[in-house]
Amino acid sequence: MHTEDEKVIELSKTKLRLLVAGSMIFVIMGLWMVLLDSSQIASQRRYNSPVLTYGIGTAGILFFGFCGAVGIRKLLDKKPGLILNSSGIHDNSSAVSAGFVPWSEVIGFSIFEMQKQKTLVIKVREPERYIKAGGTFKRMLNRMNYKMCGSPVAISANSLNVGFDELLKICNAYLYKYQKNT
């Protein structure tokens with residue numbers, strides 16, 4: 001669907017490459033932790049629990065391995081990260097992208113901040129509809145988004161070719177312009 005008043009925001013290949021590189025570093029650190037000898041861990045003054053060390057290493061491998069895989073998938077993705085037009089927002093910015101959200105569904109925006117990372121939260125009329133979208137893993141992450149920030153639809157500028165403030169400005173302008181027409 002193409003309209004005259006359309007804003008296309010591409011995925012930032014640079015940010016995605018940094019995400020993949022950072023993820024690989026943390027996976028390597030996790031592997032290092034898992035491969036440590038338990039007697040070597042036990043001999044340390046602090047943090048001398050092999051179970052804790054292996055657990056943290058394994059969790060790091062799994063989490064950052066997932067982040068790296070998502071980053072690689074997005075690097076290969078030719079579709080834009082976000083498209084805004086008179087019909088709504090088409091989100092393709094992350095592993096749990098909402099897809100198309102019409103303006104008639106959007107109640108407003110809020111900002112969720114964790115560890116100085118801001119996320120644009122799109123408040124929707126029927127959150128359950130977006131929670132139920134996708135496979136089991138995506139539904140679980142959507143429900144977590146809903147519990148943490150009040151909506152299953154959340155967009156981070158971390159993978160987009162714009163900063164957070166610009167993203168918020170663009171989204172507010174489109175919401176103001178098109179929400180009242182729905």
Side-chain angles (χ1 to χ4, degrees), residues 1 6-13 15-20 22-24 26-27 30 55-162 164 167-168 170-172 174-175 178-179 182:
M1 174 185 341
E6 184 169 83
K7 176 69 175 176
V8 176
I9 302 173
E10 298 293 338
L11 292 168
S12 171
K13 301 302 182 183
K15 290 179 183 178
L16 289 168
R17 283 186 195 99
L18 288 171
L19 169 77
V20 171
S23 295
M24 288 182 356
F26 280 102
V27 166
I56 291 170
T58 302
I61 292 167
L62 294 174
F63 177 76
F64 291 105
F66 173 75
C67 291
V70 168
I72 290 169
R73 188 169 151 234
K74 285 296 173 188
L75 270 171
L76 301 173
D77 192 348
K78 301 293 183 210
K79 293 179 266 180
L82 207 59
I83 301 171
L84 295 98
N85 60 34
S86 60
S87 301
I89 301 173
H90 187 87
D91 175 25
N92 179 42
S93 62
S94 71
V96 291
S97 299
F100 181 69
V101 182
W103 291 121
S104 59
E105 276 285 310
V106 178
I107 297 169
F109 300 120
S110 65
I111 299 170
F112 177 77
E113 187 171 352
M114 180 183 271
Q115 306 253 328
K116 297 186 180 184
Q117 289 293 313
K118 293 180 182 177
T119 302
L120 180 65
V121 178
I122 302 175
K123 302 286 188 174
V124 291
R125 293 187 197 287
E126 296 179 48
E128 203 61 38
R129 177 176 156 209
Y130 296 92
I131 291 171
K132 291 179 180 178
T136 304
F137 187 67
K138 185 175 178 183
R139 287 194 306 267
M140 181 186 73
L141 291 174
N142 284 339
R143 185 158 305 283
M144 285 174 36
N145 266 350
Y146 183 66
K147 288 179 180 179
M148 272 188 357
C149 54
S151 176
V153 185
I155 301 171
S156 169
N158 288 347
S159 65
L160 298 174
N161 233 357
V162 295
F164 181 80
L167 173 65
L168 180 61
I170 293 166
C171 288
N172 275 325
Y174 272 83
L175 178 66
Y178 293 112
Q179 185 186 42
T182 59

* Residues Phe100, Ser87; criterion side chain to side chain contact (heavy atoms under 4.5 Å, CB included); working and verdict -> CA-CA 9 Å; Phe100 181 69; Ser87 301; 3.8 Å; yes
* To do: Run the numbers on Val153 and Val121 for side chain to side chain contact (heavy atoms under 4.5 Å, CB included), then give the verdict.
  => CA-CA 6 Å; Val153 185; Val121 178; over 6 Å; no
* Asked: Are Leu19 and Asn158 close enough, and set up right, to give a side chain to side chain contact (heavy atoms under 4.5 Å, CB included), and what steps lead you there?
  -> CA-CA 9 Å; Leu19 169 77; Asn158 288 347; over 6 Å; no
Anything under 3.5 Å between a donor and an acceptor, one on a side chain of residues 67-84, the other on a protein residue two or more places apart or in another chain? List them.
residue : atom : partner : partner atom : Å
Lys74   : NZ   : Asp77   : OD2          : 3.3
Lys74   : NZ   : Asn92   : O            : 3.1
Lys74   : NZ   : Asn92   : OD1          : 2.8
Asp77   : OD1  : Lys79   : N            : 2.9
Asp77   : OD2  : Asn92   : ND2          : 2.9

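Listed for the Ser159 side chain is no donor-acceptor partner under 3.5 Å among the backbone atoms of Leu11. Under the 3.5 Å distance criterion, the side-chain polar atoms of Arg143 are left unmatched by any main-chain donor or acceptor of Ile131. In terms of modelled atom types and a separation under 3.5 Å, the side chain of Lys15 and the main chain of Leu160 share a donor-acceptor contact. Although no hydrogens or angles enter the test, the distance criterion places no donor-acceptor pair under 3.5 Å between the side chain of Asn145 and the main chain of Met148. No donor-acceptor pair closer than 3.5 Å links the side chain of Arg125 to the backbone N or O of Ile107. A donor-acceptor distance shorter than 3.5 angstrom exists from the side chain of Asp91 to the backbone of Ala98, with no hydrogens or angles considered.
Using a 4.5 Å heavy-atom cutoff, the side chains of Trp103 and Tyr174 are in contact. The side-chain heavy atoms of Val124 and Glu126, taken from C-beta on, include no pair separated by under 4.5 Å.
Nearest heavy atom pair, residue Leu175 against residue Gly108, reads CD2-CA, 4.0 Å.
Ile61 CD1 to Ile56 CD1: the interatomic distance, rounded to the nearest 0.5 Å, is 12.0 Å. Taken to the nearest 0.5 Å, the CG atom of Asn172 stands 9.5 Å off from the CG atom of Leu167. Atoms CZ and OG, on Phe112 and Ser151 in that order, are 12.0 Å from each other to the nearest 0.5 Å. Note that CD1 of Ile155 is 7.5 Å distant from CZ of Phe109, once rounded to the nearest 0.5 Å. Rounded to the nearest 0.5 Å, atoms CZ (Phe164) and OG1 (Thr119) are 7.0 Å apart. Taking OG of Ser97 as the reference point, atom CG of Asn142 lies at 9.5 Å (rounded to 0.5 Å).
By the 6.0 Å contact criterion, NZ on Lys7 is open, its count of non-hydrogen atoms from other residues, nucleotides or ligands being 12 or less.
Residues passing the side chain to side chain donor-acceptor pair (under 3.5 Å) test with Tyr146, sequence neighbours excluded: none.
Using a 30° and 60° split on the angle between ring planes, Phe66 and Phe137 fall in the perpendicular class, above 60°.
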